[in-house]
Amino acid sequence: MGMDPNRRCSNRLIVAESVYPVVALAFMLFACFELCGAATVVDVYRLIQYDISGAPFGSRLAGINHHASSLSFAPGSDLSRSVLVVPLRELNMTFVREYISKRQPLGALLFLLPQIFSFEGEEGSGYVSSVDGEVDLLKKLLVELEQFLIHATIPYPVYFGFEDDDIKAVLADIKKNDISGQPATATTGGYKLVVSVSEPRKVASPVIANIQGWLPGLKSDGDSNQLPTIAIVASYDTFGAAPALSVGSDSNGSGVVALLEIARLFSILYSNPRTRGKYNLLFGLTSGGPFNYNGTQKWLRSFDQRLRESIDYAICLNSIGSTENELFLHVSKPPDNAYIKQILEGFSNVAEELQMKVSLKHKKINISNPRVAWEHEQFSRLRVTAATLSHLSTTPELFEQTGGLSDSRKFVSEAVVAKTVKLVAESLARHIYGHKGKSIQIFADESSLAVNPSYVNSWMRLLGRTPRVAPFLAKNDPFVMALKKELAEHTEEVVMQNDVLDGMFTFYDSTKAQLYVYQVASVTFDLLLLLVIGSYLIILFSFLAITTRGLDDLISLFRRPPSRKVKTA
C-alpha cells in the first residue's frame, strides 16, 4: 500500500522546517567568521638565516601565529607569545640590542621601514641628492640595525615590512590598546599576525656564475708576441639583512652598469681595425663578492699561466654611484710600484679635468687570512697588479657595504655613474692609445663615443629592482642570462663559468612571505556571542517543535520517563 499523500507532505514540511535552525546557524557562524577576518595582508621579508662554518646567524624560525604588540607595552609584560611591531622611525637601538643580546623571550619581531627604502615603484622615484635631516638619520639607523641583526643569532622569526595606510592604522590601534594597559591576548582580543610558511630548509649547493667577454686587440704585422691585457671587473651580487630586498643599487649595481657601458664604448672603437688598440680588454662580471669574492678567486684560478701573466693590470669597480667629487683607488701593492703609479696618474689627470679627485689607499694583504675585503686582493694573491675604484674610503668589514636595505636606487645618482664611466674609459683609452698626459677627449660629450645616459639609466633601473643574493639565484636565472646576453652584444667569446659557493657558508630558504593581520575578538565577546546563539537556537527549536508537533510533545521531551515499577503495575 502507498503512503497517504497528506502524511508525506506533512513529513516533508517537518524535515524542511527542522533544517531552518541549521541554516540559521551556518549564517551566524559565517557572520562570526567575517568578524574575525583579515584586516589587511602585506608582503614581508624575512631576516636572512645562514651559517658560517657551522655557527648559526640570523633568524632561525619563519612561521608566526601571535598577537601583536607595540613599543608602548607595559614594563614587565610577557611578550613570549607576541609579535613586537617596531617602526624604524621609533626604533631604539639600545633597547633592541639589549633585548636580543639578553635573549629575552619574544614571539617575533616585525620592523616597519619607510617607503623611501622600498624598491617597489622605482620608475617614478627621483634621486635623493642630499640625504640630510630625517632621511639621513633613518638611513644611518637602518645601517646600524642591519649590521647588528646580520651578526646576531635570533631564535624567533624576524621580518621587515613597509609602512602603508593600512598597516599604520593597525599599528595605531595596537598602540592605543597597549597604552590603555590592555595588550592583545587571548583574553582581551586585539590583532593577531599570521605568517604561514614551512620551516626553512638549507639551500643545497648554491651556484655562483662568472661571466667573461673579450675585446681582442690588434697585432702589428709580423708580431708573434701575445698582446698585453687590461681587465675591467665588477662583482654583481649582493648581501643584506633581507635577501628579497637586497638590490644593491650602489654596491654593486653601479659597478656593473659602469662595466657594461665601458664595454659598449670600447666595442665601438674596437669594431674598426683603424681604432682598435694594441691591448686585449677582458671584461669580468663575477659572483660571490660578499663572500670573500669567492667567484673571483675561482674565475682567476681557471686562467692558464700565460693569460694570467699577460694581464698588465685589472681595474675593479665597486660602489661608484653616490659620491660626486671624490673616489678612492684601493691597492695592495706599494704606491711606488710602476703600474700603481701609472694607474693613479692616469686617473688623476682625467679626474682633474672632470673636476673630481682620485686618492690612493694602500692596504697590505695577509695571505694567511681568508678574509678578502676588496676584489683586487684576489688578483694580488696571484701576483697580478690590480686596484679597486670606489667611493668607499675605508675597508668594509664582513657583510658591510654589500647592498643592504638602505642601498636603494633613490640614493644613487645616475649622473655620477655616467661621470665615473667617463673617468675610467678616458683613462684606459689614453693608456691604450699612448695619449698619456694629453688633454685629448676620446669619449667627448655629444660625440658618437659619448657616454649614453639612457643606457646607464635603463640598467640602473633593472639592477635597482632585482635582488641578487648569490645563493638564491638559480644557474639560469633570467637576470644572470640578461647580463650574459648584454655582454655578448659588445664583446666576443663570452663564456659563463658555473661553480659552487665555498662550503664554509650555508644558507636557508624562505626569504619572503605574506603577513595576514586579523582583528580578533576577546574571550568575553566569544562567550557572549555563544550565549546569544545558544538562546536563539533554543527559542527557534521550541517554536518549530510547538508549531509542528504541539506543546505536549515538546513538554514530553523534558519529562522523566516512568520507572520500571510503574510500568509493571
Side-chain angles (χ1 to χ4, degrees), residues 41-51 57-64 83 85-86 88 108-122 125 142-143 145-147 149-150 152 154 156-164 167 193-204 206-208 236-253 287-291 399 402-411 461-475 477-480 482 501 505-516:
V41 181
V42 295
D43 290 329
V44 289
Y45 309 87
R46 192 168 77 98
L47 174 65
I48 194 164
Q49 178 181 351
Y50 69 102
D51 304 335
F57 294 95
S59 173
R60 310 309 292 182
L61 294 175
I64 295 178
V83 180
V85 183
V86 184
L88 182 67
L109 261 175
L110 172 62
F111 293 101
L112 297 179
L113 308 181
Q115 285 291 338
I116 194 168
F117 297 110
S118 171
F119 63 83
E120 300 292 341
E122 284 287 305
S125 64
L142 183 54
V143 170
L145 172 67
E146 183 172 23
Q147 285 301 302
L149 294 176
I150 283 174
I154 306 175
Y156 43 78
V158 179
Y159 282 90
F160 297 91
F162 290 99
E163 296 174 342
D164 60 21
I167 205 72
L193 308 186
V194 178
V195 174
S196 299
V197 292
S198 58
E199 285 309 305
R201 294 177 296 179
K202 291 182 179 179
V203 178
V207 175
I208 51 178
Y236 64 81
D237 60 339
T238 61
F239 182 91
L245 294 176
S246 185
V247 298
S249 292
D250 189 29
S251 178
N252 190 29
S287 184
F291 316 112
F399 298 145
T402 52
L405 297 171
S406 63
D407 195 352
S408 162
R409 191 168 70 89
K410 299 179 181 74
F411 303 108
R461 282 198 298 272
L462 176 61
L463 284 146
R465 62 174 183 262
T466 308
R468 305 185 303 283
V469 178
F472 305 103
L473 289 175
K475 183 187 296 185
D477 187 90
F479 172 76
V480 178
L501 185 65
F505 295 99
T506 304
F507 296 89
Y508 296 78
D509 60 10
S510 188
T511 60
K512 182 179 178 180
Q514 283 193 314
L515 173 71
Y516 291 85

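Nearest heavy-atom pair across P114 and L88 is CD-CD2, 3.8 Å. For the pair L61 and R46, the tightest heavy-atom approach, listed with the atom from each and the gap, is O-NH1, 3.2 Å. Nearest approach of R468 to N252, heavy atoms of both residues: NH2-N, 4.1 Å. Closest approach of V197 and Y159 over heavy atoms only: CG2-OH, 4.1 Å. Heavy atoms only, all atoms of each residue included: A244 and K512 are closest at CB-CB, 4.2 Å. Residues E163 and Q115 approach most closely at O-NE2, 2.7 Å, considering heavy atoms.
Exactly one residue among D509, T238, I48, L47 makes a side-chain contact (heavy atoms from CB on, under 4.5 Å) with P243. That residue is I48. Of the residues L501, I208, V207, L473, the one that meets the side-chain contact (heavy atoms from CB on, under 4.5 Å) test with S287 is I208.
Residues passing the side chain to side chain contact (heavy atoms under 4.5 Å, CB included) test with V247 are F119, S249, P467, sequence neighbours excluded. Remark: D51 pairs with R60 by the salt bridge (charged side-chain N to carboxylate O under 4.0 Å, His left out) rule, at least two apart or across chains. Every residue two or more places apart in sequence or in another chain that forms a ring pair (Phe, Tyr, Trp, His ring centres under 6.0 Å) with F160 is listed here: F111. Residues satisfying the ring pair (Phe, Tyr, Trp, His ring centres under 6.0 Å) test with F507, not counting sequence neighbours, are F291. Every residue meeting the side chain to side chain contact (heavy atoms under 4.5 Å, CB included) condition with A108, not counting sequence neighbours, appears here in chain and number order: I64, V83, P157. Evaluation of the side chain to side chain contact (heavy atoms under 4.5 Å, CB included) rule for S406 yields F117, K139, L142, V143 as partners, not counting sequence neighbours.
Side-chain atoms of V42 and F162, non-hydrogen and from C-beta on, never get closer than 4.5 Å to each other. Side-chain contact between D477 and F472 is absent, with no heavy-atom pair separated by less than 4.5 Å. At least one side-chain heavy atom of L193 sits less than 4.5 Å from a side-chain heavy atom of V85. Looking only at side-chain heavy atoms (C-beta outward), Y236 and L463 stay at 4.5 Å or farther from each other.
Counting only distance, with no hydrogens or angles, the side chain of D250 and the backbone of D407 share no donor-acceptor pair below 3.5 Å. Put simply, the side chain of Q514 never gets that close to the backbone of V194: no donor and acceptor are under 3.5 Å apart. A donor-acceptor distance shorter than 3.5 angstrom exists from the side chain of E146 to the backbone of L405, with no hydrogens or angles considered. Without hydrogens or angle criteria, S196 side chain to G63 main chain gives no donor-acceptor distance under 3.5 Å.
F505 has its ring centre no less than 6.0 Å from the ring centre of F239.
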query = When you look at I150 and F57, which way does the side chain to side chain contact (heavy atoms under 4.5 Å, CB included) test go after all the steps?
reply = CA-CA 7 Å; I150 283 174; F57 294 95; over 6 Å; no
